[in-house]
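This is a predicted model, so every value here is computed, not measured.
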Amino acid sequence: EISRALKAMEDIIRGYANPYFPQLTFTHSSFAAELRKRYGLTFFDSLHASVALLEDLTYIGNDNRVREAVKLEGGKARSLR
């Protein structure tokens with residue numbers, strides 16, 4: 001059921017936009033480890049920040065720590081609100 005719901009969400013999103021889903025690489029993971037050490041981010045937060053920074057994407061989320069880390073690293077970040 002979750003699989004069908006996620007597929008439906010993807011179909012709806014693709015109807016309005018052309019989303020970009022970068023593949024997670026060892027480079028992303030390595031940089032994420034550096035971000036965890038530098039900013040005390042969680043595993044998944046550091047991966048999100050790493051992908052945003054290395055792929056030149058805007059991090060969008062409500063976690064102030066992640067947004068601040070992305071900005072301090074020279075990236076773009078904004079709140080969902």
Side-chain angles (χ1 to χ4, degrees):
E1 304 315 310
I2 292 173
S3 174
R4 284 190 354 204
L6 291 172
K7 176 67 175 129
M9 286 172 43
E10 182 178 1
D11 291 343
I12 291 168
I13 290 169
R14 286 189 186 278
Y16 294 96
N18 187 20
Y20 171 59
F21 301 109
Q23 296 225 348
L24 187 62
T25 66
F26 286 115
T27 302
H28 293 128
S29 298
S30 173
F31 188 50
E34 293 176 28
L35 294 173
R36 283 194 300 279
K37 189 183 297 186
R38 214 174 289 157
Y39 300 104
L41 300 176
T42 67
F43 178 78
F44 289 109
D45 285 343
S46 69
L47 284 173
H48 295 157
S50 174
V51 169
L53 288 162
L54 294 177
E55 299 296 324
D56 195 30
L57 301 170
T58 300
Y59 171 81
I60 301 173
N62 289 328
D63 190 316
N64 291 329
R65 288 177 51 188
V66 180
R67 284 198 319 266
E68 190 62 26
V70 169
K71 288 179 182 178
L72 287 170
E73 292 290 324
K76 301 169 291 220
R78 70 177 181 85
S79 174
L80 278 170
R81 297 177 196 133

Review point. Is the number of heavy atoms from other residues, nucleotides or ligands within 6.0 Å of CZ (F26) greater than 12?
Key: no
Point to revise | Inter-residue atom distance I60.CD1 - R81.CZ, 0.5 Å rounding | key: 14.0 Å
Exercise for review: Rounded to the nearest 0.5 Å, what's the gap from CE on M9 to CZ on R14? Could you check?
Suggested key: 12.5 Å
Revision key, fill the gap. For H28 and S50, the nearest pair of non-hydrogen atoms, with its separation, is O-OG, 2.7 Å
**Study point:** R4/E1 salt bridge by N-O under 4.0 Å criterion
**Key:** yes
Check your understanding: Does the pair E10 and I13 meet the rule for a side chain to side chain contact (heavy atoms under 4.5 Å, CB included), with working shown?
Key -> CA-CA 5 Å; E10 182 178 1; I13 290 169; 5.7 Å; no
Exercise for review: Mind checking side-chain hydrogen bond (donor to acceptor under 3.5 Å, both in side chains) for D11 and listing every partner two or more places apart, or none if nothing turns up?
Suggested key: K7
Practice item. List in chain and number order the residues that pass side-chain hydrogen bond (donor to acceptor under 3.5 Å, both in side chains) with D45, two or more places apart in sequence or in another chain; answer none if no residue qualifies. Key: T42
Check your understanding: Which ILVMFWY residues are connected to F31, directly or by a chain of links, through side-chain heavy atoms under 4.5 Å apart?
Key -> L35, Y39, L41, L53, L54, Y59, V66, V70, L72
Review point. Can you name the residues that form a side-chain hydrogen bond (donor to acceptor under 3.5 Å, both in side chains) with S46, not counting sequence neighbours?
Key: R36
Practice item. Kindly give the heavy-atom pair with the smallest separation between A77 and K71, and that separation in Å. Key: O-CE, 3.4 Å
Check your understanding: In chain order, what residues pass the side chain to side chain contact (heavy atoms under 4.5 Å, CB included) check against K76, with sequence neighbours excluded?
Key -> D56, T58
Review point. With sequence neighbours excluded, what pairs up with Y20 under the side-chain hydrogen bond (donor to acceptor under 3.5 Å, both in side chains) test?
Key: E55
Revision key, fill the gap. CG of L80 to CZ of R67, rounded to nearest 0.5 Å, is 8.5 Å
